[in-house]
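Please read all numbers here as calculations on a predicted model, not as lab measurements.
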Amino acid sequence: METEFIHRPTFTQLTVTLEDGETVRAEPGAMVGHSPTVRVETTTSRDGLLSSAKSMLGGESAFANEFVAEDGRGEVTLAPSTPGDVMEHDLDDETLYTVDGAFLAATPGIDIDSELGGLKSVLGEASLTPLALKGSGTAFITAYGGLERLDLDPGESYVLDNQHLVAWDDTVDFETRSVGGLKSTLLGGEGLVFEFTGPGTAWYQTRDLDAFVSVIEPRLPGGN
């Protein structure tokens, strides 16, 4: 499998080149196009993401499109639903957690689990339903705006606003807390921040979709 990213970082498009017999799975609506040698199936048979109810997954769908190259190599072009970047992340018997809507695609070796127990309940107050991407393979994660990587040394901490959080690995610790202030007042209600402590890595997006909606909403006909 080969990957190519174009129009980065604002309007990133991902092209996946599959060898004969290779497969990639993607969120419905992510497909831009594909070559005639690629067969497309909508499936609910995969563990985790594809066997769970959509309500369990927040912004993710209970279905996914499976793209399989047949009779030779084939290309699949994918793009996220919002303007921004896409990252390619390789897992080797590891876990990567992502927030609602951040999952774009993955190779077959990645299982996607929404049954996160206490983690899910903790993040419920932030209106986040995280997904756990587990196994070995490649996952493609999207962001609204640019993607920044935050590498933390042991004992080093950093605080991220929940609206900017995209993903984090299973080696980093975190705590959540509510905050007030100007931003939460403008957007209505309390905000939530995550304090991550290393060792480990978190990824965040440079733009806040809810903040953007609050800017354009008064300009829409009817104000809603």
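Side chain of Arg73 to main chain of Ala69: no donor-acceptor pair is present (N/O by atom type, distance under 3.5 Å, no hydrogens or angles). In terms of modelled atom types and a separation under 3.5 Å, the side chain of Ser35 and the main chain of Glu75 share a donor-acceptor contact. At least one donor-acceptor pair under 3.5 Å links the side chain of Arg8 to the backbone N or O of Val86. A donor-acceptor pair under 3.5 Å links the side-chain atoms of Asp208 to the main chain of Ala211, judged by distance alone.
Note that CG of Asp111 and CG of Leu133 are 10.0 Å apart. Values are rounded to the nearest 0.5 Å. Between Leu160 atom CG and Leu192 atom CG the span is 11.5 Å, to the nearest 0.5 Å. The CG atom of Leu131 sits 12.0 Å away from atom OG1 of Thr95, with the distance rounded to the nearest 0.5 Å. A distance of 10.5 Å separates CD in Glu195 from OG1 in Thr176, rounded to the nearest 0.5 Å. Rounded to the nearest 0.5 Å, atoms NE2 (His89) and CG (Leu147) are 12.0 Å apart. Residue Thr82 holds its OG1 atom at 6.5 Å from CG of Leu209, rounded to the nearest 0.5 Å.
Phe174 and Val172 fall within the same hydrophobic cluster, defined by Ile, Leu, Val, Met, Phe, Trp and Tyr side-chain heavy atoms under 4.5 Å apart, directly or through other members. Placement of Tyr97 and Leu150 within a single hydrophobic cluster is found when ILVMFWY residues are connected by side-chain heavy-atom separations under 4.5 Å, directly or transitively. There is a path of hydrophobic side-chain contacts, each under 4.5 Å, that joins Leu14 to Met1.
Side-chain contact between Ile6 and Thr15 is absent, with no heavy atoms from C-beta onward closer than 4.5 Å. Ser136 places a side-chain heavy atom less than 4.5 Å from the side chain of Asp92. At least one side-chain heavy atom of Phe140 sits under 4.5 Å from a side-chain heavy atom of Thr3. With a 4.5 Å cut-off on side-chain heavy atoms, Arg177 and Val193 count as touching.
No more than 12 heavy atoms of other residues, nucleotides or ligands shown are found within 6.0 angstrom of CG on Asp71.
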N/O donor to acceptor pairs below 3.5 angstrom from side-chain atoms of residues 199-206, sequence neighbours left out:
from	atom 1	to	atom 2	distance (Å)
Thr201	OG1	Asp151	OD1	2.7
Gln205	OE1	Tyr144	N	2.8
Gln205	NE2	Gln163	O	3.0
Gln205	NE2	Arg207	O	3.3
Thr206	OG1	Gly146	N	2.8

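In this view, Glu175 satisfies the salt bridge (Lys or Arg N to Asp or Glu O under 4.0 Å) rule with no residue, not counting sequence neighbours. Checked against side-chain hydrogen bond (donor to acceptor under 3.5 Å, both in side chains), Thr12 has the following partners two or more places apart in sequence or in another chain: Asp85. Here Glu94 pairs with nothing under the salt bridge (Lys or Arg N to Asp or Glu O under 4.0 Å) rule; sequence neighbours left out. Checked against side-chain hydrogen bond (donor to acceptor under 3.5 Å, both in side chains), Glu41 has the following partners two or more places apart in sequence or in another chain: Arg39. The salt bridge (Lys or Arg N to Asp or Glu O under 4.0 Å) check on Glu4 picks up nothing, with sequence neighbours excluded.
Separation of the Tyr158 and Phe196 ring centroids does not fall under the 6.0 Å cut-off.
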